[in-house]
Number of protein chains: 2
Amino acid sequence: MPPRKPRGSYAVGDERRQRILDTAVEHFARNGYHASSLARIAHDVGITQGGLLHHFRSKEDLLLSVLGESEERDRAWVFSDDGLTDTRQVTAAQHVTAALKLVALNTTRPGLVRMFTVLSAEAAEPGHPAHAFFTQRYARLVGNISGAFRRSIDSGEIRPDVDPVAIAEEIIAVMDGLRIQWSLNPDQFDMVGRLHAYYDRLLRTITTSETGLPPA
Amino acid sequence: MPPRKPRGSYAVGDERRQRILDTAVEHFARNGYHASSLARIAHDVGITQGGLLHHFRSKEDLLLSVLGESEERDRAWVFSDDGLTDTRQVTAAQHVTAALKLVALNTTRPGLVRMFTVLSAEAAEPGHPAHAFFTQRYARLVGNISGAFRRSIDSGEIRPDVDPVAIAEEIIAVMDGLRIQWSLNPDQFDMVGRLHAYYDRLLRTITTSETGLPPA
DNA sequence: GTCTATAACCGGATAGAC
DNA sequence: GTCTATCCGGTTATAGAC
């Protein structure tokens with residue numbers, strides 16, 4: 001029923017749909033999936049629950065639309081400069097730059113960040129509607145990041161005895177963990193600073209030359 | 001109403017209470033707080049919802065009891081050997097030992113681990129019943145860990161230019177983040193191994209002598 | 001200490017009017 | 001495209017019997 005556009009920017013009539021998605025992000029962030037209610041989301045949009053279900057056939061459909069849309073936008077944004085068109089040629093240094101840039105952007109939208117934090121925890125349960133989404137997401141992230149480090153090992157920038165997959169999993173853990181602490185205290189916790197310090201120390205330890213990162 | 005024992009081990013009549021707590025852990029782990037229901041918890045215990053509310057006056061009371069009890073047990077367990085009686089004399093090396101020991105224990109109880117992951121994310125919302133609990137918990141963890149590193153700086157084991165609070169926050173982030181990935185895939189993700197590798201690299205970077213960690 | 005019964009309310013989804 | 005009405009079920013908490 002929701003008029004799926006082929007891809008890319010939306011036609012004028014989809015502004016309502018977009019407003020629903022934005023509102024749903026806030027609610028899922030605050031309450032997680034189960035405790036959010038379509039009626040309250042609809043109320044904040046300014047329509048009724050029945051009206052909302054005209055755009056998304058079910059609550060689960062709404063959740064997966066929110067997740068998919070967010071990721072797609074992020075991906076497009078990360079690669080919007082540096083001439084990076086796809087992820088298969090990124091080096092470790094380029095990954096670090098892109099990751100810091102994305103995390104800095106994320107500090108401007110606490111709702112979205114909290115939504116991913118809450119849902120990635122909830123979705124560990126195999127029956128959760130977003131379980132498959134997060135399983136695939138983590139697999140893809142590990143693949144992308146470990147690929148970047150593998151390329152930098154091959155080119156001699158990084159020591160050949162490091163395990164790219166282990167490094168990728170550790171980096172993802174740091175980002176996820178920092179998000180939790182930042183969500184609990186967005187005004188005082190320096191998420192970008194902590195991540196920068198972590199990357200700096202990591203690279204100093206595993207690069208062949210001992211070049212660090214430019215200062216924050 | 002629940003017969004609060006002064007502290008320590010429980011009298012015989014509290015076995016029912018303990019069974020409720022154990023069952024509640026599993027439910028909160030699977031569904032988070034909001035989506036768990038007293039009736040289903042009671043059903044798994046083998047009593048009715050009314051019977052459950054005889055032991056805990058409300059759902060929120062049950063949640064906070066579960067959180068408090070778990071932490072208290074963990075704390076007692078961590079300090080059960082090594083002669084560590086309280087946290088005010090722990091060094092960085094002792095912290096690492098204790099943390100690895102606790103994480104290893106945690107791999108044997110996925111339910112409890114998932115509960116903390118889900119709730120620490122959910123509880124970022126100021127109105128959440130466990131918000132105060134997690135705020136205080138993180139503050140206490142940062143205090144304990146940064147204290148340990150500060151002592152090791154004072155004694156000359158760790159370089160004086162490191163920021164103990166920043167290190168503490170990073171360590172907590174790594175542990176939290178590893179928990180997320182492990183919860184999503186408990187059988188294949190090597191949580192202890194990753195944490196060990198992280199600590200090893202961290203200590204190699206910030207200790208004055210370049211002694212690492214004993215192998216996993 | 002546990003039960004049943006009930007109050008008072010909220011959940012998602014569907015049907016059909018306009 | 002949005003609304004109202006409705007179905008059916010689930011939620012916490014209380015009251016009172018045994």
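Heavy-atom basis, side chains included; hydrogens, waters and symmetry copies ignored. Note that this is a predicted model, so its numbers are computed, not measured. So you know, we letter chains A, B, ... as the sequences are listed, proteins then strands, and number each from 1.
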Is the phosphate of [N] approached by [X] (side-chain N or O, under 4.0 Å from OP1 or OP2)?
{"X": "A:R40", "N": "C:dC10", "value": "no"}
{"X": "B:H55", "N": "C:dT2", "value": "yes"}
{"X": "B:H54", "N": "C:dT2", "value": "no"}
{"X": "A:R16", "N": "D:dT2", "value": "yes"}
{"X": "B:R17", "N": "C:dG1", "value": "no"}

Find the distance [X]:[atom1] to [N]:[atom2] and express it as a whole number of Å.
{"X": "A:L53", "N": "D:dT2", "atom1": "CG", "atom2": "P", "result": "12 Å"}
{"X": "A:K59", "N": "C:dT14", "atom1": "NZ", "atom2": "P", "result": "15 Å"}
{"X": "A:I41", "N": "C:dC10", "atom1": "CD1", "atom2": "P", "result": "16 Å"}
{"X": "B:H43", "N": "D:dT11", "atom1": "NE2", "atom2": "P", "result": "13 Å"}
{"X": "B:L38", "N": "D:dA13", "atom1": "CG", "atom2": "P", "result": "6 Å"}
{"X": "A:F56", "N": "C:dA13", "atom1": "CZ", "atom2": "C1'", "result": "16 Å"}
{"X": "A:I47", "N": "D:dT4", "atom1": "CD1", "atom2": "C1'", "result": "14 Å"}
{"X": "B:L62", "N": "D:dT11", "atom1": "CG", "atom2": "C1'", "result": "15 Å"}

* Out of C:dG12, D:dT14, D:dT11, which nucleotide sits closest to the side chain of A:S37? -> C:dG12
* Asked: Which nucleotide, D:dT12, D:dC3, C:dA13, lies nearest any side-chain atom of B:Q49?
  -> D:dT12
* **From CA spacing to verdict: side-chain contact (heavy atoms from CB on, under 4.5 Å), A:I47, A:I20** => CA-CA 10 Å; A:I47 59 177; A:I20 295 171; 4.2 Å; yes
* To do: Spell out, as yes or no, whether a donor-acceptor pair under 3.5 Å connects the side chain of B:R150 to the backbone of B:P164.
  => no
* **4.5 Å side-chain heavy-atom contact, B:Y198 and B:E170** => yes
* Asked: Would you say the side chain of A:L21 lies within less than 4.5 Å of the side chain of A:L62, judging by non-hydrogen atoms?
  -> yes
* Asked: On a whole-Å scale, what distance lies between the C1' atoms belonging to C:dC10 and D:dT6?
  -> 15 Å
* Asked: Within the structure shown, what part of the strands sits under 4.0 Å from A:T48 by heavy-atom distance: base, sugar-phosphate, or nothing?
  -> base
* A:H27 and A:D44 side chains, donor-acceptor separation under 3.5 Å -> yes
